[in-house]
Structures are given as structure tokens and as C-alpha cells.
Amino acid sequence: MPLETRPIKNGFAHELLGLRLWEPLDDSTTDKLRELWARHPVLVVRRQALSERELADFSALFGPLERVVRTEWASPAVPEVGLISNLKDGQAQPIGGLGDGELQWHSDQSYMMHPATGAALYALELPPKGGTTSWLDLAAAYAGLPDRLKQLVEGRNGVFSYVKRLAGYQGVDRVISSEAKRNTPPVLHPLVHTHPVTGINVLYLDSTTTIRIAGMDDASGCALLDEIYSFATRPEFVYRHEWQVGDVVMWDNGATMHRREPFDPTARRLMKRTTIFLSRESHIVPDGCLASEEAMA
Ligand code: SIN
């Protein structure tokens with residue numbers, strides 16, 4: 001069956017029909033998927049039945065895969081596949097990460113100088129209610145910003161901190177080791193990037209890691225960020241995905257933020273994910289630097 005696509009939310013997301021991701025894709029389909037992902041940051045493929053190897057092989061068509069950094073979340077069989085789950089093993093230890101709580105609007109790895117910006121999440125077990133994931137279109141949000149906010153944010157760098165991310169996690173993930181602080185110091189990224197393929201300006205934001213705007217005092221920087229978040233997170237910029245078992249959703253963290261709604265801790269949710277180093281030629285990949293003392297002052 002040839003590849004068909006169905007735009008969702010004005011083309012911000014696309015559903016892909018006719019794909020069997022457990023089989024090798026031909027070159028022309030792969031090229032079409034790469035072009036689609038460059039222009040449409042969220043791609044949805046339903047009704048898949050994938051082994052971890054098949055999920056990893058499909059993801060690797062779009063760039064090198066990152067081995068799961070939090071090794072306690074990694075699949076024992078395929079180290080590039082991470083488990084996102086509230087399930088526990090026979091010793092009552094979590095089998096994966098991120099539990100059952102709410103995850104606020106964020107962009108994965110924004111606290112890294114060179115983030116791996118692609119992600120694919122595959123649903124295996126789902127709670128009867130809650131646990132839905134939403135993506136925010138940061139190109140549409142930028143386009144809709146009032147000119148005053150565009151001028152205020154243009155040319156500005158945000159300071160992104162891993163420690164802030166960890167402090168927001170619940171339960172076991174909340175432990176902030178001095179090693180994490182030492183290895184992942186705050187970094188600077190521009191708050192607006194131009195997309196290499198579409199030429200469109202896109203906001204780069206993460207409400208769970210941004211601690212200030214470089215060159216602005218704390219109060220004015222936080223007030224500006226709050227104003228931008230409250231504008232950018234309007235429902236018209238959001239695609240809310242109601243998961244079904246077998247769904248694969250791929251997203252580009254260079255052009256989106258995402259959030260997850262909490263779910264009943266006694267229900268089961270098991271997702272598998274990969275993380276992909278997308279190319280700078282086709283995607284926004286922030287190229288940050290360490291936040292200097294001046295930026296933090
Ligand atoms: C994530 O933020 O990467 C996980 C999203 C989810 O569990 O739906």
C-alpha cells in the first residue's frame with residue numbers, strides 16, 4: 001500500500017497511513033518520510049506491532065540513535081530503546097522512567113549544548129484514562145506572537161538548566177546528584193531559530209528547564225517568559241494525542257514542546273522510545289554554549 005498522509009492541526013502533525021514499520025522501507029518511502037518530518041514536526045503512525053529492534057531500526061533511518069543516558073531506563077535487550085513506564089519489576093523497582101505524574105511543557109534535552117532532538121514513542125500498554133500526550137507547535141506560536149513580544153525575544157538567549165528539570169520530577173527521578181549538577185551545567189540557546197528547510201522562525205522553549213533570559217534581570221526575564229508561555233500554550237497551537245496501543249508518534253524537539261497528563265498510578269502504562277540525532281540540514285538543532293557567569297548574573 002503506498003504511503004498516504006493526513007494532515008492534523010493545519011499540517012503541524014501528519015498521520016501516515018499504509019506503513020508497516022516492521023518491514024524494511026524502500027528508499028523512496030524513506031526519502032518521503034524524511035522530507036515530511038523536516039516540514040511537519042509531529043508524525044503519527046497507528047496500528048504497528050514492533051519489536052525493540054524494529055523500532056530502533058526504523059528510528060535510525062532519520063539519524064544516529066542515542067544510547068539511553070539514564071541506563072536504569074534502558075531496555076536490557078536494545079540499549080537505544082528506553083522504557084517510559086510506571087511498571088515495577090519483581091523487586092518492586094521501576095522498569096523505566098517518568099512514572100505516572102504530569103509532565104509539564106518541555107523539549108527533551110534542552111539542557112544539553114547539542115541536544116539529540118528527534119524522538120519516537122511507541123505505545124504498548126495504556127491506562128483507561130489519562131496519560132495523553134500533547135505537542136505544541138512553536139512555529140505557529142511564534143507566527144502568532146504580538147510584534148511587541150517578537151521584538152523582545154528576538155536575538156535573546158535563554159538559560160536552560162538540568163537541575164531545574166530534575167527538581168520538577170516526582171518520586172525517584174527527583175534525586176539531584178552532585179554529579180548531575182557537575183556534568184550538566186546550565187547552557188545558553190537562542191529563543192528563536194530559523195528552520196533550515198522552511199525558513200520560518202520558531203520559538204525554542206522549555207518551561208521545565210529555562211531559568212532566565214541572558215542579559216535581563218530575573219524579574220523581567222521571568223515575566224517575559226511567563227507572557228510567552230501563556231501565549232504559546234493556547235489550545236490552537238496544541239495537538240493532543242489520544243493514544244491507542246500500537247501507535248508510534250515521532251516528534252522534533254527543535255520545533256515543539258510536549259506535555260503528558262497524569263494517570264492513575266494503579267493502571268499500567270508501557271511505552272518504548274528512541275532518541276535520534278536529527279541533522280542540522282533538515283531540522284532545527286540548537287547549537288548552544290555554556291552559560292557564562294555574566295549570563296547568569
Ligand atoms: C516524554 O516526555 O518523553 C514522555 C511522554 C509520555 O510519556 O507520553
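Because only heavy atoms are used, hydrogens play no part in the values below, and waters and symmetry mates are left out as well, while side chains stay in. Both ligands and their constituent atoms are indexed starting at 1 by order of listing.
- Formation of a donor-acceptor pair under 3.5 Å by the E66 side chain with backbone atoms of T275 is not found in this model.
- By the side-chain hydrogen bond (donor to acceptor under 3.5 Å, both in side chains) test, Q48 is found to be paired with no residue, residues two or more places apart in sequence or in another chain being considered.
- For D27, there are no side-chain hydrogen bond (donor to acceptor under 3.5 Å, both in side chains) partners two or more places apart in sequence or in a different chain.
- With W251 as the partner, the ring-ring contact (aromatic ring centres under 6.0 Å, His included) test is satisfied by one option alone out of F62, W37, W135: W135.
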Name each N or O atom in ligand 1 that is under 3.5 Å from a protein N or O, and give the partner atom and the distance.
from, atom 1, to, atom 2, distance (Å)
ligand 1, 2 (O), H106, NE2, 3.0
ligand 1, 2 (O), H258, NE2, 3.0
ligand 1, 3 (O), R273, NH1, 3.0
ligand 1, 7 (O), R260, NH1, 3.2
ligand 1, 7 (O), R269, NH1, 2.8
ligand 1, 8 (O), T133, OG1, 2.6
ligand 1, 8 (O), R269, NH2, 2.8

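- In summary, the side chains of T208 and R165 do present a donor paired with an acceptor at a separation below 3.5 Å, with no hydrogens or angles considered.
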Indicate every side-chain donor-acceptor pair of residues 195-202 with a distance under 3.5 Å to a residue at least two apart or in another chain.
from, atom 1, to, atom 2, distance (Å)
H195, ND1, V197, N, 3.0
H195, ND1, T198, N, 3.3
H195, NE2, A38, O, 3.0
T198, OG1, I200, N, 3.3
N201, OD1, T194, OG1, 2.8
N201, ND2, Y142, OH, 3.4

